[in-house]
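What follows is a short report on a single structure.
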Amino acid sequence: MRFKNIVVTFIEATIGQGSSIRNHTESNNNECITRIEKILSIIGSKWTIQILRELSSGTKRFAQLQKSLKGISPKTLSTRLQELESYNIITKTVYPEVPPRVEYSFSSQGEGLKKVLFDLYEWGEEFLGDE
C-alpha cells in the first residue's frame with residue numbers, strides 16, 4: 001500500500017500546487033484522482049505487480065508464474081490472474097490439448113501499462129534513491 005499512498009500523495013500535491021492533470025478543471029481533477037485510485041486498487045493488490053513484472057518479459061504458463069513467484073498460493077495466483085483478465089490487462093489463451101495448456105500474456109490494452117509501470121519505476125528511482 002506504500003506504493004499507492006506515494007502515488008496518490010504525489011498527484012494530490014501536484015494538483016494542490018496549482019497545476020492540473022491534463023489541464024482539467026478542479027471538478028475534473030477530483031474525477032482524475034478517483035480514476036487513479038481505482039487503477040491503483042487493481043494493480044496494487046498483493047502479488048499483482050509481481051505477476052505483471054513476470055508477464056512483462058513475455059507469455060507465461062500458470063506453473064511458470066507460480067514457480068517464479070515464491071510464496072504465492074495457487075488460489076491467490078488464480079484470483080489475481082482472473083482479476084487482471086476481467087479488466088482486459090492480460091489475456092488467457094487456452095489450447096485444446098490433453099492436458100490443457102493455458103498461457104497468460106499482456107493484452108494489447110495492457111501493453112500500455114508496461115510503459116506506465118516502467119515510467120513509475122524510473123520516477124521511484126529518483127524519488128527513493130538508494131532507500
Side-chain angles (χ1 to χ4, degrees):
M1 280 304 163
R2 182 167 187 242
F3 164 76
K4 179 180 174 182
N5 293 338
I6 289 172
V7 174
V8 171
T9 301
F10 170 76
I11 292 165
E12 288 173 342
T14 302
I15 290 171
Q17 293 174 356
S19 65
S20 63
I21 298 173
R22 292 189 181 177
N23 298 320
H24 285 243
T25 63
E26 186 65 34
S27 63
N28 286 339
N29 281 338
N30 290 333
E31 180 182 328
C32 186
I33 292 293
T34 301
R35 284 182 185 227
I36 291 169
E37 287 176 334
K38 171 74 172 163
I39 292 164
L40 291 176
S41 73
I42 295 167
I43 66 170
S45 299
K46 187 172 182 180
W47 293 105
T48 302
I49 292 291
Q50 292 91 333
I51 292 168
L52 294 173
R53 179 197 64 218
E54 292 301 317
L55 291 176
S56 69
S57 64
T59 301
K60 300 278 190 304
R61 295 175 73 174
F62 188 91
Q64 291 174 302
L65 289 168
Q66 189 173 17
K67 184 177 180 180
S68 63
L69 300 168
K70 305 281 189 235
I72 191 170
S73 72
K75 182 178 182 351
T76 300
L77 178 56
S78 179
T79 300
R80 294 296 176 265
L81 290 169
Q82 288 171 0
E83 289 169 356
L84 291 168
E85 185 183 13
S86 74
Y87 287 110
N88 197 29
I89 294 171
I90 65 168
T91 58
K92 173 183 176 179
T93 305
V94 181
Y95 295 92
E97 301 172 353
V98 177
R101 179 171 47 117
V102 179
E103 295 180 339
Y104 298 91
S105 58
F106 271 94
S107 67
S108 56
Q109 182 176 325
E111 284 292 328
L113 179 59
K114 284 199 302 191
K115 181 184 178 337
V116 171
L117 292 173
F118 183 74
D119 289 345
L120 189 57
Y121 164 78
E122 287 185 328
W123 175 78
E125 283 288 299
E126 292 175 27
F127 180 76
L128 298 173
D130 291 334
E131 188 176 298

Could you check whether any side-chain N or O of [X] sits under 3.5 Å from a backbone N or O of [Y], counting only pairs where one atom can act as donor and the other as acceptor?
{"X": "S41", "Y": "K38", "value": "yes"}
{"X": "T59", "Y": "S105", "value": "no"}
{"X": "S107", "Y": "T91", "value": "no"}
{"X": "S78", "Y": "P74", "value": "no"}

Measuring from atom [atom1] of [X] to atom [atom2] of [Y], what distance do you get when rounded to the nearest 0.5 angstrom?
{"X": "L52", "Y": "L113", "atom1": "CG", "atom2": "CG", "value": "6.0 Å"}
{"X": "I89", "Y": "L84", "atom1": "CD1", "atom2": "CG", "value": "5.0 Å"}
{"X": "Y121", "Y": "E126", "atom1": "OH", "atom2": "CD", "value": "11.0 Å"}
{"X": "L77", "Y": "T48", "atom1": "CG", "atom2": "OG1", "value": "10.0 Å"}
{"X": "I39", "Y": "Y87", "atom1": "CD1", "atom2": "OH", "value": "11.0 Å"}
{"X": "T93", "Y": "Y95", "atom1": "OG1", "atom2": "OH", "value": "5.0 Å"}

Note to self: Could you check whether atom NZ of K114 has more than 12 heavy atoms from other residues, nucleotides or ligands sitting under 6.0 Å from it?
What the structure shows: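 Check passes, neighbour count above 12.
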Item checked: Nearest heavy atoms of L69 and W47, plus distance in Å -> CB-CZ3, 4.0 Å
Next item on the list: Heavy atoms only: give me the nearest S45-R80 pair and the separation to one decimal.
Entry: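 Closest approach of S45 to R80, heavy atoms only: CB-NE, 3.7 Å.
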Margin query: Between E103 and R101, does any NZ, NE, NH1 or NH2 come within less than 4.0 Å of an OD or OE carboxylate oxygen?
Written below: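 Yes, charged N to carboxylate O under 4.0 Å.
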Next item on the list: Could you please spell out the steps behind the side-chain contact (heavy atoms from CB on, under 4.5 Å) verdict for K92 and V102?
Entry: CA-CA 7 Å; K92 173 183 176 179; V102 179; 3.7 Å; yes
Next item on the list: Test S68 against every option in E54, Q50, R53 by the side chain to side chain donor-acceptor pair (under 3.5 Å) rule and name the one that passes.
Entry: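 For S68, the side chain to side chain donor-acceptor pair (under 3.5 Å) test succeeds with only one of E54, Q50, R53, which is E54.
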Checklist line | Verify same cluster id: F118, F127 (apolar side-chain graph, 4.5 Å) | finding: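 No; F127 is not reachable from F118 via cluster members.
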Notebook entry, point to check: Does the side chain of Y104 come within less than 4.5 Å of K60's, by heavy atoms?
Noted result: no
Next item on the list: Taking the side chain as every heavy atom from C-beta outward, state whether F62 and L81 have any atom pair closer than 4.5 Å.
Entry: yes
Notebook entry, point to check: Can you find a side-chain donor-acceptor pair between S73 and T76 that sits under 3.5 Å?
Noted result: yes
